[in-house]
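In what follows, every chain begins at residue 1, and chains take the letters A, B, ... in the order their sequences are listed.
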There are 2 protein chains.
Amino acid sequence: MDSAERILQQLRQRGERITIQRRMVIEALCEDCDHLTINDIQKQMESRGYELDEATIYRILQWLKAAEVISQTDLGARGIVYELIGTKRHHHLVCLNCHAVIELDDSFADQLREQVRHEHDFEPRVDHLAIFGWCAQCRAAKAATKN
Amino acid sequence: MDSAERILQQLRQRGERITIQRRMVIEALCEDCDHLTINDIQKQMESRGYELDEATIYRILQWLKAAEVISQTDLGARGIVYELIGTKRHHHLVCLNCHAVIELDDSFADQLREQVRHEHDFEPRVDHLAIFGWCAQCRAAKAATKN
DNA sequence: CTACATGCAAATCCTTTGCATCCAC
DNA sequence: GTGGATGCAAAGGATTTGCATGTAG
């Protein structure tokens, strides 16, 4: 994965220290391009025959968040997930009932960003939003049981 | 606060059981019209000379959430806050640096709701959103230190 | 060489759960 | 009276912290 290399380069240039552990976490995030929980990351490491301490993972993720390399999103029942910001930005609809996760294009956030910038002089960092609600199936099911 | 009474009435009509504890939590949420953390609620109770078990508070808040009487929002460093949905709906900008919380009108969410409903057949429950980013002051401060 | 990252263990914080008791309806 | 809510204590899970050791620059 050369995108891992690219990220490592950037971090190095910013004067960040690159360790084996940091490198491995970044590579894990690059490969499994989906959202990963702490646990996913830990298991990924193990499957490669490398044990990485939980505390260290937390510290590395904090570091990557501060460096704005990854986003952190609370998907509710699905837990907290981490993902590289670099790729195509997107968000998620999360069903409050069945916990389905639907991908949502980033375009809807444009208006939001503009409004917030202009009206509040605030620079939003809307990297990965989770919007909760009811999916079509669960709405139908709910309506059917209602009375 | 008659709004507490109104909420209690509604819940009663839905067949919900009203206890002293539930009543007190609802009253606390009505009085302190701001966002309250679990801790705030607990302290509020204490200041009125009433001790309420933490577990009970959690159970009551879950109940109120399920009944869609309150919203729950993770304000990051500011913790998880609860607030009555009834009043004028609004959202928040939260500075990642200084943790300032800025109120944001609900109107920006209209377009979002429409888009999500139409394009994804998903009924969003956007009661109280937290949008993270950088406030004007912190941006200025950051730019100043940059190099 | 030195400052900073890691591993390990313990601590902390937040939230949930089991169960006996109590109370709203 | 009875089902559901509470209080208490304990468990559980996620995240953080202190400190000795290791290592990147």
Can a side chain N or O of B/Gln21 be found less than 4.0 Å away from OP1 or OP2 on C/dC23? no

Flag the pair B/Arg48 and B/Glu31 as a salt bridge only when some basic side-chain nitrogen lies within less than 4.0 angstrom of an acidic carboxylate oxygen. yes

Using atom CD1 of A/Ile57 as one end and atom P of C/dC8 as the other, report the distance to the nearest whole Å. 12 Å

Under a 3.5 Å cutoff, is there a donor and acceptor pairing between the side chains of A/His90 and A/Asp105? no

Could you give the CG-to-C1' distance, from B/Asn39 to C/dC13, as a whole number of Å? 11 Å

To the nearest angstrom, the CD-C1' distance between A/Gln42 and D/dA14 comes to 12 Å

How about A/Thr37 and A/Asp40: does a side-chain donor come under 3.5 Å of a side-chain acceptor? yes

Contacts to DNA chain C from residues 9-20 of chain A, heavy-atom cutoff under 4.0 Å, which residues? A/Arg17, A/Thr19

Show each protein N/O and nucleotides 15-17 of chain C N/O combination with a separation under 3.5 Å, one pair to a line.
unit_1, atom_1, unit_2, atom_2, d
C/dT15, OP2, B/Tyr58, OH, 2.4
C/dT15, O5', B/Tyr58, OH, 3.4
C/dT16, OP1, B/Gln62, NE2, 3.1
C/dT16, OP2, B/Gln62, NE2, 3.1

Could you tell me whether B/Glu46 and B/Lys43 have a side-chain N and a carboxylate O separated by less than 4.0 Å? no

Show the nearest heavy-atom pair for residues A/Gln111 and B/Phe108, with the distance to one decimal. OE1-O, 3.7 Å

Whole-Å distance separating the CZ atom of B/Arg23 from the C1' atom of C/dC23: 14 Å

What is the distance, rounded to the nearest whole Å, between atom CG of B/Leu61 and atom C1' of D/dT6? 15 Å

Salt bridge flag under 4.0 Å for residues B/Arg113 and B/Glu123: no

Beyond-backbone contact of B/Asp127 with B/Thr73, side-chain heavy atoms, under 4.5 angstrom: no

Gap between atom CG of A/Leu112 and atom CG of A/Asp110 - 0.5 Å precision: 9.5 Å

Classify the angle between the aromatic ring planes of B/His92 and B/His35 as parallel (below 30°), tilted (30 to 60°) or perpendicular (above 60°). perpendicular

If I take atom CE in residue B/Met45 and atom P in nucleotide D/dT6, what distance separates them, rounded to the nearest angstrom? 12 Å

Atom CG of B/Asp74 and atom P of D/dA14: how far apart are they, to the nearest Å? 16 Å

In whole angstrom, what separates B/Leu8's CG from C/dC25's C1'? 15 Å

